[in-house]
Amino acid sequence: MAKENHSLTTEFILIGFTDHLVLKSLLFLVFFAIYLITMMGNLGLVALIFMEHRLHTPMYIFLGNLALMDSCCSCAITPKMLENFFSEGRMISLNECVAQFYFLCLAETADCFLLAAMAYDRYVAICSPLQYHTRMSKKLCIQMTIGTFIASNLHSMIHAGLLLRLTFCRSNQIDHFFCDILPLYRLSCTDPYINELMIYIFSMPIQIFTIATVLISYICILFTVFKMKSKEGRGKAFSTCASHFFSVLIFYICLLMYIRPFEKGDKDIPVAIFYTIVIPLLNPFIYSLRNKEVINVLKKIMRNHIHK
């Protein structure tokens, strides 16, 4: 009997979206367009920052890495989702599930650290402008970036590795469009208590640290801005923070919705779409369209291209 009960599942079916052919075709076109725009926007921003020497400052180095992580998030989820719109089996192996979750966890953890680093950068720029180049040196910026990727990789490896301790001998149908961690817990016939405990032990301190860094930075920024006598100075200070603050707000609202206790059913899917697909689409445009320096660099490149 024990052997029969442990006839283990190594492949899953991603139920995903509708089975209606016309609606599937429409959704495929929408998500394919979003994927192309996301990749072009994020990788274009990375290339722009890499090529333009004027953008080799801490804020843009963090922004370039944020765009790179958004590309990673999109690549981890969207191609498989697009394939499954017209795949008969809609199968995904356990190893693919683990890899998918690893890259998603890596991207989202790195985003938390990078948004916190960008908030600290804005705090130093506005509250201690005369000390900016000493307090936010390129060396410190590189150290923070390397630290972000080391911590994010370790965090992702822990949770992805712990997925391999689970055994799946129940239904192999995942009511989602990607291998999210909580739908996998529901299918596990091994108690996922240790996995959940490790989420609280490792993920909660990361969230508390990064959210606290953002909040403290912006509280200090607000106090400094309100003390400014010049309206022009206040406007300039707010404009330098507006894009970052908007991104932080969207990211953490979605994150809090995402980590809420999940109910059964497809209520997870709309939040997951916004969190994994829409945010990576929005970020490069939020930063590019509201950033005069990025726009000026783009205009310069376009002028050079036209003259050639």
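Just so it is clear, the values below take in all heavy atoms, side chains as well, and ignore hydrogens, waters and symmetry mates. These figures come from a predicted structure and were not determined experimentally.
Closest of all the heavy-atom pairs between Leu45 and Ala67 is CD2-CB, 4.2 Å. Nearest heavy atoms, Ile174 versus Pro183: CG2-CB, 3.9 Å. Nearest heavy-atom pair, Leu106 versus Ser152, reported as atom, atom and distance to 0.1 Å: CD1-CB, 3.7 Å. In plain terms, the two heavy atoms of Ser71 and Leu43 that are nearest each other are OG-CD2, 3.6 Å. Scanning both residues, Ile49 and Leu55, for their nearest heavy atoms gives CG2-O, 3.9 Å. Ile279 approaches Phe251 most closely through the heavy-atom pair CD1-CA, 4.0 Å.
The distance between the ring centers of Phe177 and Phe85 does not fall below 6.0 angstrom. Between Phe12 and Phe168, the ring center distance clears the sub-6.0 Å criterion.
Other members of the cluster containing Ile206 are Phe113, Phe209, with ILVMFWY side chains joined at under 4.5 Å, either directly or via other members. Residue Ile219 belongs to a hydrophobic cluster whose other members are Phe223, with links defined by side-chain heavy atoms closer than 4.5 Å. Members clustered with Ile13: Ile15, Met91, by chain and number, using a 4.5 Å side-chain heavy-atom cutoff among hydrophobic residues. Under the 4.5 angstrom side-chain criterion for Ile, Leu, Val, Met, Phe, Trp and Tyr, the cluster partners of Leu197 are Ile158, Leu162, Tyr193, Ile194, Met198, Ile201, Phe202.
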Start with the C-alpha distance between Phe178 and Leu104, add both sets of side-chain angles, then the distance that settles side-chain contact (heavy atoms from CB on, under 4.5 Å), and finish with yes or no.
CA-CA 10 Å; Phe178 71 98; Leu104 177 63; 3.4 Å; yes
Check step by step if side-chain contact (heavy atoms from CB on, under 4.5 Å) holds for Cys179 and Phe101.
CA-CA 6 Å; Cys179 278; Phe101 175 72; 5.6 Å; no
Pair Arg186, Asp175 - check side-chain contact (heavy atoms from CB on, under 4.5 Å), show working.
CA-CA 10 Å; Arg186 294 180 194 139; Asp175 189 15; 5.9 Å; no
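Here the CG-CG distance, from Leu184 to Leu166, works out to 8.0 Å after rounding to the nearest 0.5 Å. Remark: Leu115 CG to Tyr252 OH distance equals 6.0 Å, nearest 0.5 Å. Between the CD1 atom of Ile37 and the CG atom of Leu281 there is a distance of 6.5 Å, given to the nearest 0.5 Å.
Considering only heavy atoms from C-beta on, Tyr218 comes within 4.5 Å of His244 through its side chain. Between Ile92 and Gln100, the closest side-chain pair of non-hydrogen atoms falls below 4.5 Å. Side-chain contact between Leu114 and Met69 is present, with at least one heavy-atom pair separated by less than 4.5 Å. The closest side-chain heavy-atom distance from Phe17 to Met81 is below 4.5 Å. For the pair Ile250/Phe274, a side-chain contact is recorded, criterion being any heavy-atom separation below 4.5 Å from C-beta on. With contacts defined as side-chain heavy-atom distances shorter than 4.5 Å, the pair Glu96/Glu11 does not qualify. With a 4.5 Å cut-off on side-chain heavy atoms, Ile77 and Phe31 do not count as touching.
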Name each donor-acceptor pair under 3.5 Å that joins a side chain in residues 130-138 to protein atoms two or more places apart or in another chain, with its distance.
residue: Tyr132; atom: OH; partner: Asp121; partner atom: OD1; Å: 2.5
residue: Thr134; atom: OG1; partner: Gln131; partner atom: O; Å: 2.8
residue: Arg135; atom: NH1; partner: Ser128; partner atom: OG; Å: 3.0
residue: Ser137; atom: OG; partner: Leu140; partner atom: N; Å: 3.2
residue: Lys138; atom: NZ; partner: His56; partner atom: O; Å: 3.4

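A donor-acceptor distance shorter than 3.5 angstrom exists from the side chain of Asn65 to the backbone of Ile61, with no hydrogens or angles considered. No donor-acceptor pair closer than 3.5 Å links the side chain of Ser74 to the backbone N or O of Asp70. A distance-only check finds a donor-acceptor pair linking the side chain of Thr210 to the backbone of Gln207 [under 3.5 Å]. Side-chain atoms of Thr10 never come within 3.5 Å of backbone atoms of Leu94 as a donor-acceptor pair (strictly under, hydrogens ignored).
For the two cysteine residues Cys220 and Cys127, the thiol sulfurs sit 2.5 Å or further apart.
When the shell of 6.0 Å around CZ of Phe86 is examined, it contains more than 12 heavy atoms from other residues, nucleotides or ligands. Heavy-atom contacts from other residues, nucleotides or ligands closer than 6.0 Å to CZ of Phe32 number 12 or fewer. Within a 6.0 Å radius of OH in Tyr120, other residues, nucleotides and ligands contribute more than 12 heavy atoms. Within 6.0 Å of CZ in Phe103 there are 12 or fewer heavy atoms belonging to other residues, nucleotides or ligands.
Qualifying salt bridge (charged side-chain N to carboxylate O under 4.0 Å, His left out) partners for Glu83, counting only residues two or more places apart in sequence or in other chains: Lys80.
Remark: the Asn153 side chain and the Tyr102 side chain contain an N/O donor-acceptor pair separated by less than 3.5 Å.
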